[in-house]
Protein chains: 2
Amino acid sequence: MEHENDITAPLSRRERPAKTPLTREGIIDVAVTILENEGLGKVTMRRIAADLDTGAASLYVYVRNTEDLHARILDALLGRAAPLPRAGSWRERLVALLTGYGTVLFEHPEIARMTMTTHPVGPHYFRLVESILEALSEGGVPDPVAAWAVDVLLASVTASAAEHSGPSTTGEGSEALAVLAARIAITSGETYPHIVRLGDEMLSGTGMERFTWGLDVLINGILNTPRTPSASASS
Amino acid sequence: MEHENDITAPLSRRERPAKTPLTREGIIDVAVTILENEGLGKVTMRRIAADLDTGAASLYVYVRNTEDLHARILDALLGRAAPLPRAGSWRERLVALLTGYGTVLFEHPEIARMTMTTHPVGPHYFRLVESILEALSEGGVPDPVAAWAVDVLLASVTASAAEHSGPSTTGEGSEALAVLAARIAITSGETYPHIVRLGDEMLSGTGMERFTWGLDVLINGILNTPRTPSASASS
DNA sequence: ACCTGAACACCGTTCAAGT
DNA sequence: ACCTGAACACCGTTCAAGT
């Protein structure tokens with residue numbers, strides 16, 4: 001029984017298997033684990049290095065800098081997502097595609113926030129874009145419109161997920177708005193009549209209901225908004 | 001002449017006018033100045049304090065923490081923006097309102113990024129919301145739709161501005177996409193046929209053209225998407 | 001009440017030196 | 001080529017002590 005369960009004894013090679021040789025994949029893996037357990041704030045070079053039993057400097061062989069690291073995490077998360085839908089009408093498929101993407105980002109709001117600025121790259125993201133274009137094309141959306149629509153759709157989903165971020169617990173954002181609305185109502189019922197009147201309505205609905213409605217707005221808008229080559233000159 | 005121009009002598013009350021008494025307004029002012037000259041990255045407690053000839057700890061009397069500080073900066077920026085439009089049709093006014101808001105955020109993409117998560121508060125933001133609701137109401141948009149639409153519109157503008165952020169120079173984002181598209185074309189012309197075919201189209205247009213089109217999509221969508229009270233139960 | 005210096009617990013990144 | 005320790009130049013926040 002010597003020190004078989006002796007926690008204080010230094011870890012032998014047997015117990016900690018040879019200290020994995022440090023690959024980019026391994027680094028990203030550790031990063032994703034930390035992200036899922038402790039949030040993006042803890043995903044630092046130093047912390048990842050510590051989990052890998054090395055110094056932060058060692059990571060710079062595999063990732064250029066922190067931004068690069070984050071972009072790669074995003075790619076990895078997309079890879080872990082559900083497979084893309086193949087059944088249903090083009091519109092059902094489109095909604096499913098965007099909802100699936102949204103689900104990943106809603107589960108990792110900090111990543112969503114990041115995605116606002118760091119463009120995703122990698123095969124999984126491109127397959128998603130490809131599928132969206134395919135659905136739009138099947139829906140009879142003209143190529144020029146579809147080309148711009150992908151961006152609008154994906155950005156909207158990302159923004160939606162990013163909004164539900166923040167360091168606080170679930171309903172904090174809405175609560176802040178509610179408190180605020182109340183304060184406004186007290187301060188000046190006359191200055192902001194519309195806000196006072198629609199205050200409750202503005203806070204109504206679940207996240208999912210609003211998300212779905214937003215998608216409908218976008219798709220309906222896309223179906224009703226031609227892209228004039230550049231019609232800003234004439235009246 | 002004693003030490004009238006003696007740089008090494010400690011600054012007297014006359015030369016540095018009494019060291020402004022440290023108000024919240026003064027703090028935010030310095031923060032905005034640093035933001036405009038050196039970017040959000042330099043807007044740190046320590047740096048602001050240094051510009052104010054004090055220690056970082058002193059700021060905590062006036063701002064709760066860094067997030068609070070940032071939210072107040074945003075409010076200040078909104079206050080510096082152009083006055084809200086009062087002329088034109090409801091739709092023209094709506095577009096003008098959103099374009100004006102967008103302009104502020106496009107000039108400060110880092111703030112836009114921040115706005116994705118930190119909800120703006122303050123009189124200027126509310127006046128904007130109020131005006132949007134007013135325009136939508138005049139446009140015959142039903143109250144429940146208008147209430148949700150404000151959010152979608154503002155979030156979309158914010159997201160649009162945030163996208164053009166990033167630490168790099170102007171066209172970096174698109175360039176990355178282009179490089180990427182090229183890589184895809186080489187790697188697998190067969191796996192992503194739609195992307196390859198629409199690659200150029202996806203990168204076409206100026207930021208303003210895309211922004212305006214996006215607004216049209218949204219408004220058209222809003223005009224064509226009713227809000228069923230909660231119709232997800234029935235088929 | 002407001003202000004301050006010093007301390008605590010962190011960061012990213014670089015570099016010379018090792019293997 | 002890969003890895004490392006140490007160093008550089010920073011952070012936010014707290015706290016006891018001053019005024």
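Quick note on labels: first sequence line is chain A, next is B, and so on, each numbered from 1. What you are looking at is a predicted structure, and each value in this text was computed from that prediction instead of being measured.
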### Task
Output the distance between atom NE2 (A:H108) and atom CG (A:L40), rounded to the nearest 0.5 Å.
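Reported value, rounded in 0.5 Å steps: 11.0 Å.
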### Query
Distance check: side-chain N/O of A:Y62 vs OP1/OP2 of D:dC3, anything under 4.0 Å?
yes
### Task
Look at the side-chain N and O atoms of B:S58 and state whether any lies under 4.0 Å from the OP1 or OP2 oxygen of C:dT4.
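Yes, such a contact exists.
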### Query
Should we say atom CG of A:D68 is surrounded by more than 12 heavy atoms from elsewhere, each under 6.0 Å from it?
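More than 12 heavy atoms, drawn from other residues, nucleotides or ligands, come within 6.0 Å of this atom.
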### Query
Would the number of heavy atoms belonging to other residues, nucleotides or ligands and lying under 6.0 Å from CG of B:D51 be above 12?
yes
### Message
Taking D:dA9 as the reference, what is the distance to C:dA9 when you measure between their P atoms (whole Å, please)?
### Response
23 Å
Between protein and nucleotides 12-15 of chain D, what N or O pairs are separated by less than 3.5 Å?
unit_1 : atom_1 : unit_2 : atom_2 : d
D:dG12 : OP1    : B:M45  : N      : 3.2
D:dG12 : OP2    : B:M45  : N      : 3.3
D:dG12 : OP2    : B:R46  : N      : 3.4
D:dG12 : N7     : B:R46  : NH1    : 2.4
D:dG12 : O6     : B:R46  : NH1    : 2.8
D:dG12 : O6     : B:R46  : NH2    : 3.4
D:dT13 : OP2    : B:Y60  : OH     : 2.7
D:dT13 : OP2    : B:T66  : N      : 3.2
D:dT13 : OP2    : B:T66  : OG1    : 3.1
D:dT13 : O5'    : B:Y60  : OH     : 3.2

### Message
Using modelled atom types and a 3.5 Å cut-off, is there a donor and acceptor pairing between side-chain atoms of B:R113 and backbone atoms of B:T158?
### Response
no
### Task
Keeping the roles fixed (side chain from B:E201, backbone from A:A147), state whether a donor-acceptor pair exists under 3.5 Å.
no
### Task
Scan for salt bridge (Lys or Arg N to Asp or Glu O under 4.0 Å) pairs involving residues 73-82 of chain A, sequence neighbours excluded, and state none if there are none.
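Residue pairs with at least one partner in residues 73-82 of chain A: A:D29-A:R80.
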### Query
Should B:E130 and A:H194 be marked as a side-chain hydrogen bond (donor to acceptor under 3.5 Å, both in side chains) after you check the CA-CA gap, both sets of side-chain angles, and the distance that decides it?
CA-CA 6 Å; B:E130 176 69 15; A:H194 290 86; 2.8 Å; yes
#### Entry: Paired stretches of DNA chain C - 3 or more consecutive Watson-Crick or G-U pairs, each distance under 3.5 Å
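DNA chain C forms these stems: C:4-8 with D:12-16, C:12-16 with D:4-8.
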Rounded distance (Å) that lies between atom [atom2] of [N] and atom [atom1] of [X]:
| X | N | atom1 | atom2 | value |
| --- | --- | --- | --- | --- |
| A:I48 | C:dC10 | CD1 | P | 16 Å |
| A:L22 | C:dT19 | CG | P | 18 Å |
| A:E38 | C:dC11 | CD | P | 11 Å |
| A:L59 | D:dT4 | CG | P | 10 Å |

### Message
Just so I know, are the side chains of A:L215 and A:T99 near enough to count as touching, which here means a heavy-atom distance under 4.5 Å?
### Response
yes
